[in-house]
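Down below is the structure, laid out as structure tokens.
All figures in this text were calculated on a predicted structure; none of them were measured in a lab. We count ligands from 1, going down the list as the structure has it; atoms in each ligand are counted the same way.
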Amino acid sequence: MRTFEKIADLRRYLAEMRAGGKRIGFVPTMGFLHKGHMALMRAVKEDPEVDLSVVSIFVNPLQFGPQEDYRSYPRDLGRDEELCISAGMDVLFIPAVEEMYPEGFATSVEVTGVTEVLCGRSRPGHFKGVATVVTKLFNIVQPDCAYFGIKDAQQFVVIKRMVRDLNLPVKIKAHPTVREEDGLAVSSRNVYLTKDERRAATVLYRSLECTAAEIRKGERDALRLKRMLTEKISAEPLARLDYAEVLSWPDLRPVDVLRRGEVLAAVAAYFGRARLIDNVLVEVE
Ligand code: PAF
């Protein structure tokens, strides 16, 4: 694996690879790699449309609010590098903050229409930070395709919309949420959980699964489903609910009555200092 810290060096190397006919597959991450990231790296390695696999590790300050955990966000570059090597990645990009945002940096990318709900409402500016860094990473790496986990369903929608609206020549590929045996979605922030909080956090997936089961049984009243999801999570004493929503997919609009197609049931809740999100996509027959 070749590791680059400087944008110019990476671009030079990738330009040579591209000139040699290599198609680039990209996995952008914020590091502290876990099973979810490993699954994305495996997917890119197994992708018949990819000849060269690139992973980036960059904890992006722009996507954290002033009261959020940018400073304490878990980092372990040594371990991450080993994991990227073990996943067989060809290139690792680990820019410093000053490399990505030099003095005087003043441009941002903002996607509207799908960012006013869910995490966009709870974390103002978050998706502007995500869209800005992902645009920069796409411009630097110029991948043919890029992989994102569906655990961050809204992020996936935002990036798809941005790529479409700005005509970015990259194919966005989704990967299903990776879960622990008890259903908890894997996340770098799970390390914040105490033993009791870790146990309590399983309420998220259990509640989402109940909601999905109700939909499959025929419940079509979105408000009733949302109320049920809210009550189930709120019944867990260690959970502090941020949101519980049932929205249309992929345009993330509120719905009164569920219609044929897919819906997204999505939740966010705090367990101690960890803010966790999860979701399920349900087919409405
Ligand atoms: O999903 C993440 O880890 C981040 O939001 C991303 C896409 C790497 C941008 O910083």
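- With no hydrogens or angles considered, no side-chain donor-acceptor pair links Asp69 and Ser72 at under 3.5 Å.
- The Val133 neighbourhood of ligand 1 comprises atoms 9 (C), 10 (O), with distances under 4.0 Å to a heavy atom of that residue.
- Taking the ring axis of Phe32 as reference, the NZ or CZ atom of Arg75 does not stay both within 45° of it and closer than 6.0 Å to the ring centre.
- Partners of Arg23 according to the side-chain hydrogen bond (donor to acceptor under 3.5 Å, both in side chains) rule, which considers only residues two or more places apart in sequence or in another chain, are Asp51.
- At a 3.5 angstrom cut-off on N or O pairs, Thr29 does not count as close to ligand 1.
- Geometrically, ligand 1 and Asn60 share no nitrogen or oxygen pair separated by less than 3.5 Å.
- Near Gln63, with a cut-off below 4.0 Å to any heavy atom, the atoms of ligand 1 are 4 (C), 5 (O), 9 (C), 10 (O).
- Sorted by first then second residue, the salt bridge (Lys or Arg N to Asp or Glu O under 4.0 Å) pairs that include residues 148-175, not counting sequence neighbours, are Asp47-Lys173, Glu49-Lys171, Glu49-Lys173.
- Under a 4.0 Å N-O distance rule, the pair Glu180/Lys35 qualifies as a salt bridge.
- When only non-hydrogen protein atoms are considered, atom 2 (C) of ligand 1 lies nearest to Gln155 NE2, 3.9 Å.
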